[in-house]
Amino acid sequence: MMSPTSPQLAAAKPEHTALCELHEIYQDFAGQGGRPLHVLENIELEIRANEVTALLGPSGCGKSTLLRIISGLLQPTRGSMLYRGKPLAGLNPGAAMVFQSFALFPWMTVTQNVQCVLHAAGVPRSEAFERARRVIRTVGLAVFENSFPREISGGMKQRVGLARALSLDPEILLMDEPFSQVDALTAESLRAEVIDLWESDQRNPSAIVLVSHDIKEVVYMADRIVVLSANPGRIQTVIENTLPRPRDMRSTEFLSLLDQLHDTITGQEMPDVPPPLTPAPAIEPIPWARPGEIIGLLEYLDARGGKMEIFHIAADIHREFGQTISVVTAAEQLGFVDTPKRMVVLAPEGQRFVKATMPERQRLWRDRLLQLGLFRAIHSALDRQGPEGIDRDFVLDVIVLHLPQEDFEKMFTTLVQWVRFGHLWSYDEDAQRFTLPEARDTASSASL
Ligand code: ADP
Ligand code: MG
């Protein structure tokens, strides 16, 4: 029988050399009112070859920030970050990030979405095409090479995201909550596939850094679990996970490690950052209706005792019946009217709105928008993103991704009109960017 300490085996065993070393890392951002926001404090961390490291912690504790520092996208406020022993200047040459499926370009095919990343990395066109095709096959998307993002499922989009990162043949694969947008079953198989790719010795990635707030995912994937606490983000503890692979989520060992981790995390102080907006309502299409039309309807109803038959409304306001339906549907989504049978009835919220002053109307409108899944999803992305905001393509992607049947240009136009009326977000037409309005203080975000 072979002894586990036999010299051959010891030599063949992959070593955990440090690829990245983070030393005394601090990260501050400009917080509200210009006060510094201490996001990361004194982070000591190694990213090692042949190892899956998970960063686990509550929302807002700085996981994504830490991942951006490792990728070189963000220069930390203080501390040193070494890649293969040398201080990192600019992007980390050994790392590639799997972005969430949002980041796909809706107007490009699956292959083109991978190729564009290779072009950006300076890979010649002739080679980029071959490489893109190869990696698309690796992630099981061969049949969908020429499909557009809106034609494929969320899980497949996530595979495209993975293909993009893998096409760069990175030594370190960085994944930020990569499976949070896909259903449980798809997530399970994607996790196993990523581990398969990582396990094959001859091939990159050698190291994976996974950001997650899913304990089960972390126990399944990681060799080392770095538990972070929030405000500021510190390393609370590091747990070595030596469960043999392939791991069985139903085994006693797995469940006991899960329990242990659970205790560690629930014992930790809760963050005082705004809680995530849960439960998230489903993302539904918003009808083609301008705020002026919706308000017109509410005032019309108010002037007529608060209710009217829908056919009458169409005739009275001289609108095509289809457009009247849109306006009524919009008002109903916003909670301003009810529609029993063919009647349209002003709801209590609608009555309040009609009676309110302009600033109050805007506040009411804003509150109603945040009850809608589409606005909430984008709002929480804006919250996470900070002052740089998010761009038009991100919003278009959210629409295309969740509402593939809808006319996304039209819905985008409506969305901009609605957020402008309520001053929910600012939209800069030239820069094509959305940001949270600065002037508004915590008073309004507290009402979320
Ligand atoms: P996590 O990924 O753990 O949820 P993040 O790293 O995204 O947390 O964010 C940690 C904190 O830093 C949050 O309070 C977030 O609002 C803030 N933050 C992140 N990026 C920026 C930025 N560019 N500007 C200002 N604040 C930021
Ligand atoms: Mg994050």
Side-chain angles (χ1 to χ4, degrees), residues 22 25-43 45 53-79 81 97-103 158 161 173-182 208-215 217-218 222 225-237 264-265 268-278 280 376-391 394 398 425-426 431 433-438 440-442 444-446 448:
L22 288 81
I25 295 278
Y26 287 75
Q27 181 65 49
D28 297 341
F29 287 117
Q32 255 160 15
R35 275 174 299 128
L37 181 67
H38 303 297
V39 172
L40 293 174
E41 189 175 279
N42 200 17
I43 301 289
L45 182 67
T53 305
L55 307 176
L56 178 72
S59 171
C61 74
K63 303 181 295 292
S64 297
T65 302
L66 195 50
L67 208 64
R68 287 171 64 208
I69 290 173
I70 296 169
S71 73
L73 282 167
L74 181 70
Q75 200 70 36
T77 310
R78 192 140 71 78
M81 154 77 199
M97 177 100 80
V98 178
F99 287 101
Q100 291 193 340
S101 48
F102 288 142
Q158 201 50 64
L173 185 67
L174 306 175
M175 309 179 92
D176 195 347
E177 313 231 3
F179 312 121
S180 56
Q181 306 292 328
V182 298
I208 293 180
V209 186
L210 170 79
V211 163
S212 180
H213 58 239
D214 180 340
I215 303 184
E217 172 169 292
V218 156
I225 303 166
V226 178
V227 181
L228 295 156
S229 57
N231 286 321
R234 295 194 194 103
I235 295 181
Q236 190 193 355
T237 178
T264 310
I265 286 166
Q268 115 183 351
E269 50 181 306
M270 288 313 287
D272 65 31
V273 294
L277 299 160
T278 47
R376 261 211 205 179
I378 297 166
H379 197 77
S380 61
L382 271 165
D383 254 353
R384 286 196 300 268
Q385 204 56 27
E388 67 211 65
I390 56 178
D391 67 8
F394 177 93
V398 174
W425 319 317
S426 310
R433 288 193 85 76
F434 289 90
T435 46
L436 293 174
E438 281 163 35
R440 232 170 47 234
D441 51 12
T442 38
S444 64
S445 49
L448 301 184

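In listed order, ligands and their atoms are each counted from 1. Side chains included, hydrogens not; waters and symmetry mates left out as well; all remaining heavy atoms used. Throughout, numbering of the chain's residues begins at 1 and tracks the sequence.
- Annotation: Gly60 places an N or O atom under 3.5 Å from an N or O atom of ligand 1; distance criterion only.
- Short contacts between ligand 1 and Glu388, defined as distances under 4.0 Å to a heavy atom of the residue, involve ligand atoms 23 (N).
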TODO: Begin with the C-alpha distance, continue with both residues' side-chain angles, and end with the deciding distance and a verdict on side-chain hydrogen bond (donor to acceptor under 3.5 Å, both in side chains) for Asp28 and Thr77.
DONE: CA-CA 6 Å; Asp28 297 341; Thr77 310; 4.9 Å; no

TODO: Check step by step if side-chain contact (heavy atoms from CB on, under 4.5 Å) holds for Ile208 and Thr53.
DONE: CA-CA 6 Å; Ile208 293 180; Thr53 305; over 6 Å; no

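- Contacts with ligand 1 closer than 4.0 Å are made by side-chain heavy atoms of Val39 only, the backbone lying farther away.
- Evaluated by nearest non-hydrogen atom to atom 15 (C) of ligand 1, the leading choice among His38, Arg384, Glu177, Lys63 is Arg384.
- Between Phe434 and Trp425, the two ring planes are perpendicular [angle over 60°; tilted spans 30° to 60°].
- If you number the atoms of ligand 1 from 1 as listed, the ones under 4.0 Å from a heavy atom of Ser59 come out as 4 (O).
- In this structure a side-chain-to-backbone donor-acceptor pair under 3.5 Å is present from Lys63 to Pro58.
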- [ ] Apply side-chain hydrogen bond (donor to acceptor under 3.5 Å, both in side chains) to Gln27 and Thr65, showing your working.
- [x] CA-CA 8 Å; Gln27 181 65 49; Thr65 302; over 6 Å; no

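- Under a 3.5 Å cut-off, the side chain of Arg234 and the backbone N or O of Asn42 do not form any donor-acceptor pair.
- Less than 4.0 angstrom separates some heavy atom of Pro387 from each of these atoms of ligand 1: 22 (C), 24 (N), 25 (C).
- For the Mg ion (ligand 2), the set of nearby N, O or S atoms under 2.8 Å includes one belonging to Ser64.
- The side-chain contact (heavy atoms from CB on, under 4.5 Å) test with Ile235 is passed by exactly one of Ile43, Val227, Leu66, Leu55: Ile43.
- Those atoms of ligand 1 that come under 4.0 Å of a heavy atom in Gly62, given as number and element, are 1 (P), 3 (O), 5 (P), 6 (O), 8 (O), 10 (C).
- If you look at Asp383 next to ligand 1, the close heavy atoms, those under 4.0 Å, all belong to the backbone.
- Taking a 4.0 Å cut-off on heavy atoms, Gly57 fails to register as neighbouring ligand 1.
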